[in-house]
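A short worksheet on the structure shown next.
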Amino acid sequence: MDYSQFLLMKEELSLIAVIVILFIADLFMSPDAHKNDGKPMLNTMLPVVLLIIHTLITIIPGPAADAFGGMYHNQPIQSIVKSILSVGTLIVFLMAHEWMRRPDTAIKQGEFYVLTLSTLLGMYFMISAGHFLMFFIGLETASIPMAALVAFDKYRHHSAEAGAKYILTALFSSGLLLYGLSLIYGSVGTLYFADIPARLDGNPLQIMAFVFFFSGMGFKISLVPFHLWTADVYEGAPSTVTAYLSVISKGAAAFVLMTILYKVFAPMVAQWQEVLYWVIIASITLANLFALRQENLKRLMAFSSISQAGYIMLGVISGTSLGMTSLVYYVLIYLFANLAVFTVITIVALRANKFTLEDYNGLYTTNPKLAFLMTLALFSLAGIPPFAGFFSKFFIFAAAFQSGFHLLVFIALINTILSLYYYLKIVKAMYINKSDEPITAFRSDNYTRASLVICTLGIVALSIASVVYQSIDKFSFGM
């Protein structure tokens, strides 16, 4: 065996090194490993610094590479997506500092960092898979630790219930997906991405295999009608974990689905575009309608994320390199905007124990900076110009329109207008609605401020820096 092949996996090897260092460091942060009156040492700086180093090492895309007989395949666009996910995870670690300060979570801080990075490692393997076995191993590596993260606050806010719902749904979706993969193998006799397209002819068995595979991925991305777990899990999970689940996990799964549809199911493009067409309409429309009646902010953002997943799929259905570029760019902007919103939700929940829309009445009078930054992020999510979200929606609509899906783009535009209502409803609560007992004024810790600054700079910079989109476009590939 040529062990030099491992050197082609620089992102995975670097992340494994970070996980091992944090695992060892946790021995010295635990309450029984030092003399600190039995209290755990809070050390958010270590995982943040390690993740920054990891991101800097891997941020420059390397050349296309194959390893282990084609089971591992990496191209520059995949390295870019990994770097985007790493930046998102870094922001999540910053916003988690205040949560980690709680006595009941400080003792488990090592587990939080290791579990989170383990899910990220699984996503890396998914993204670079060139074989369905490698893809499935990555998928489960990303999914199983996520269930533990969702149930992390098992004695608070229905976190244990959310964890149970997530793991049961994940198991069911994985079963569907694995059954679809078995049908693919039975039909074509191989699981290598490069070998499958030449053996696909769109027969009924292969169509059924695709339906099962897509159903399993639909659960992971929370597309309608596979979305029923999303609101309950998002509401019950800790806010930091909800942020990670809504952005990092969703972005990775969407990119992987697009890659597999482009590479593996290219001969069946007519079939999967037909399925995606109706799923996109259902996801955008139903999610927006349900979001209109939500009063709990985490549930509202859950339906918002389902709707955003529908918009992301517009890049997939186009089947072009423009669609891939638009999807990656959309995920990047969605990452900064959504994490900014969840950072505010997290800090308000921890400081004031407030979760509902009514609780945010008059937030501007007591915490004007938080209200302003949340407004900026909400405008970007809504796609209001000149914020970055407008350009992400423009490019992803353009990709679908260019591929001939004119009616679909029109329906998406109507739904964008519909989504303005519930995003602006949050803004109205913060700036216009009066409250006799508004959320009291408080100062955020430095880590929370850093996460908000990074998100805000991302939203502003991406709205004026066209070089980012052009750089992504240079490495994208279509069918």
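All figures in this text were calculated on a predicted structure; none of them were measured in a lab.
Here the closest heavy-atom approach between residue S463 and residue A388 is recorded as CB-N, 3.6 Å. Counting all heavy atoms, side chain and backbone alike, A340 lies closest to A377 at CB-CB, 3.7 Å. Here the closest non-hydrogen pair linking I411 and I281 is CD1-CD1, 3.8 Å. Residues L314 and A412 share a closest heavy-atom pair of CD1-CB, 4.0 Å.
Summarising the geometry, atom CG belonging to L261 is positioned 8.5 Å from atom CE belonging to M217; distances are rounded to the nearest 0.5 Å. With rounding to the nearest 0.5 Å, the separation of CG in L339 from OG1 in T240 is 10.0 Å. The CG atom of L51 sits 7.5 Å away from the CG atom of L120 when rounded to the nearest 0.5 Å. Here CZ of F125 is found 4.5 Å from CE of M9. Values are rounded to the nearest 0.5 Å. A distance of 7.0 Å separates OG in S86 from CG in L15, rounded to the nearest 0.5 Å. One distance of note links CZ of F136 with OG of S174; it measures 5.0 Å at 0.5 Å rounding.
Judged by distance alone, the side chain of K298 and the main-chain N or O of A237 form a donor-acceptor pair under 3.5 Å. With hydrogens and angles ignored, the 3.5 Å screen pairs a side-chain donor or acceptor of S380 with a backbone N or O of G389. In this structure a side-chain-to-backbone donor-acceptor pair under 3.5 Å is present from K425 to L292. In this structure, Y244 contributes its side chain and T116 its backbone to a donor-acceptor pair below 3.5 Å. Looking only at distances, no side-chain donor or acceptor of S283 sits under 3.5 Å from a matching main-chain atom of G310.
Aromatic rings of F172 and W229 (six-membered ring for Trp) have centroids beyond the 6.0 Å cut-off, not under it.
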Check: residues 144-151 side-chain donor-acceptor pairs under 3.5 Å, at least two apart:
none

Check: Under the side chain to side chain contact (heavy atoms under 4.5 Å, CB included) criterion, do Y234 and N296 qualify, and how do the steps go?
Finding: CA-CA 11 Å; Y234 279 32; N296 183 289; over 6 Å; no
Checklist line | Derivation and outcome, side chain to side chain contact (heavy atoms under 4.5 Å, CB included), residues S118 and V114 | finding: CA-CA 6 Å; S118 296; V114 171; 4.0 Å; yes
Check: Passes side chain to side chain contact (heavy atoms under 4.5 Å, CB included), V48 versus I52? Steps please.
Finding: CA-CA 6 Å; V48 168; I52 289 174; 3.9 Å; yes
Next item on the list: With side chain to side chain contact (heavy atoms under 4.5 Å, CB included) as the test, would you mind laying out the steps for L408 and I317 before giving the verdict?
Entry: CA-CA 10 Å; L408 183 62; I317 198 173; 4.0 Å; yes
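Within the 4.5 Å cutoff, side-chain heavy atoms of M100 are placed close to those of Y113. For the pair D232/E161, no side-chain contact is recorded, criterion being any heavy-atom separation below 4.5 Å from C-beta on. In this structure, the side chains of R449 and R443 come closer than 4.5 Å at one or more pairs of heavy atoms. N74 is listed as a side-chain neighbour of E11, based on a closest heavy-atom distance under 4.5 Å. Taking the side chain as every heavy atom from C-beta outward, F303 and L286 never approach each other to under 4.5 Å. Put simply, the side chain of M374 reaches to within 4.5 Å of the side chain of V341, judged on heavy atoms. Looking at F219 and T169, their side chains come closer than 4.5 Å, going by heavy atoms from C-beta outward. The shortest distance between side-chain heavy atoms of N367 and V344 does not fall below 4.5 Å.
With sequence neighbours excluded, the residues satisfying side-chain hydrogen bond (donor to acceptor under 3.5 Å, both in side chains) with S307 are N288. For S419, there are no side-chain hydrogen bond (donor to acceptor under 3.5 Å, both in side chains) partners two or more places apart in sequence or in a different chain. Under the side-chain hydrogen bond (donor to acceptor under 3.5 Å, both in side chains) criterion, K369 pairs with no residue at all, not counting sequence neighbours. Scanning for side-chain hydrogen bond (donor to acceptor under 3.5 Å, both in side chains) contacts around S222 gives K250, with sequence neighbours left out.
Between Y277 and F405, the angle of the ring planes lies from 30° to 60°, which puts this pair in the tilted group. Taking the six-membered ring for Trp and thresholds of 30 and 60 degrees, F379 and F387 have ring planes inclined between 30 and 60 degrees apart. Ring-plane geometry between F112 and W99 is classed as perpendicular, the angle between the planes exceeding 60 degrees on a 0 to 90 degree scale with a lower cut at 30.
In summary, the side chains of S392 and Y311 do not present any donor paired with an acceptor at a separation below 3.5 Å, with no hydrogens or angles considered. Defined by atom type and a distance below 3.5 Å, a donor-acceptor pair is missing between the side-chain atoms of E98 and T346.
Only one option out of L300, T230, L381, I221 pairs with S305 in a side chain to side chain contact (heavy atoms under 4.5 Å, CB included); it is T230.
Counting only residues at least two apart or on different chains, the ring-ring contact (aromatic ring centres under 6.0 Å, His included) pairs with a member in residues 414-438 are Y364-Y431.
Using a 4.0 Å cut-off between charged nitrogen and carboxylate oxygen, E235 and R299 count as a salt-bridge pair.
More than 12 heavy atoms of other residues, nucleotides or ligands lie within 6.0 Å of OH in Y447, so this atom counts as buried by the packing criterion.
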